[in-house]
Amino acid sequence: MPQLIFFAAVGVVAYVGYRKLVREAERVTAKARRARKEAANGSMGTLVFDPKTGEYRVAKD
């Protein structure tokens, strides 16, 4: 029985680690994609809409 609990815990840790890895990879990919688009357009940053103020601001990474 202790082996079952151990392997279940290892499985949960592996799954959580995998999800964190995927989330980080998606974040880095999105950042690289924005940088490529900015370089292609010759812009100095990406504007994002702030719904609270109704203004556009440069995105913070």
Side-chain angles (χ1 to χ4, degrees):
M1 188 65 168
Q3 295 91 352
L4 180 62
I5 294 171
F6 173 74
F7 286 121
V10 168
V12 168
V13 169
Y15 178 74
V16 170
Y18 171 75
R19 292 303 306 158
K20 287 182 98 172
L21 177 72
V22 168
R23 197 172 20 243
E24 180 67 14
E26 289 173 352
R27 185 189 69 78
V28 170
T29 302
K31 185 176 179 181
R33 188 177 298 126
R34 280 195 311 270
R36 264 197 316 272
K37 285 177 93 175
E38 288 174 7
N41 294 339
S43 64
M44 299 300 282
T46 302
L47 295 177
V48 292
F49 183 71
D50 183 9
K52 289 183 180 178
T53 61
E55 298 175 344
Y56 284 92
R57 299 179 187 270
V58 177
K60 298 178 184 174
D61 286 328

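Owing to the predicted nature of the structure, the values given are computational and were not obtained by experimental measurement. Index from 1, following the sequence.
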query = Linking Ile, Leu, Val, Met, Phe, Trp and Tyr by side-chain heavy atoms under 4.5 Å, what else ends up with Tyr15?
reply =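 Tyr15 shares its hydrophobic cluster with no other residue.
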request  = Would you mind listing the cluster partners of Tyr18? Hydrophobic ones only (ILVMFWY), side-chain contacts under 4.5 Å, chaining allowed.
outcome  =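 Tyr18 clusters with Val22.
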task = Could I get the full list of side chain to side chain contact (heavy atoms under 4.5 Å, CB included) partners for Arg36, not counting sequence neighbours?
result = Ala32, Arg33
query = Could you give all pairs that pass the ring-ring contact (aromatic ring centres under 6.0 Å, His included) test and reach residues 26-47, with sequence neighbours left out?
reply = none
Set of residues satisfying side chain to side chain donor-acceptor pair (under 3.5 Å) with respect to Glu24, sequence neighbours excluded =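 Arg27.
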query = Who are the side chain to side chain donor-acceptor pair (under 3.5 Å) partners of Ser43, not counting sequence neighbours?
reply = none
Show me the side-chain donor-acceptor pairs of residues 51-58 shorter than 3.5 Å, one per line, residues at least two apart or across chains.
unit_1	atom_1	unit_2	atom_2	d
Thr53	OG1	Asp50	OD2	3.1
Thr53	OG1	Glu55	N	3.4
Glu55	OE1	Arg57	NH2	3.3

key: Residue pairs involving residues 9-18 (criterion salt bridge (charged side-chain N to carboxylate O under 4.0 Å, His left out); sequence neighbours excluded)   =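 Listed by first then second residue: nothing to list.
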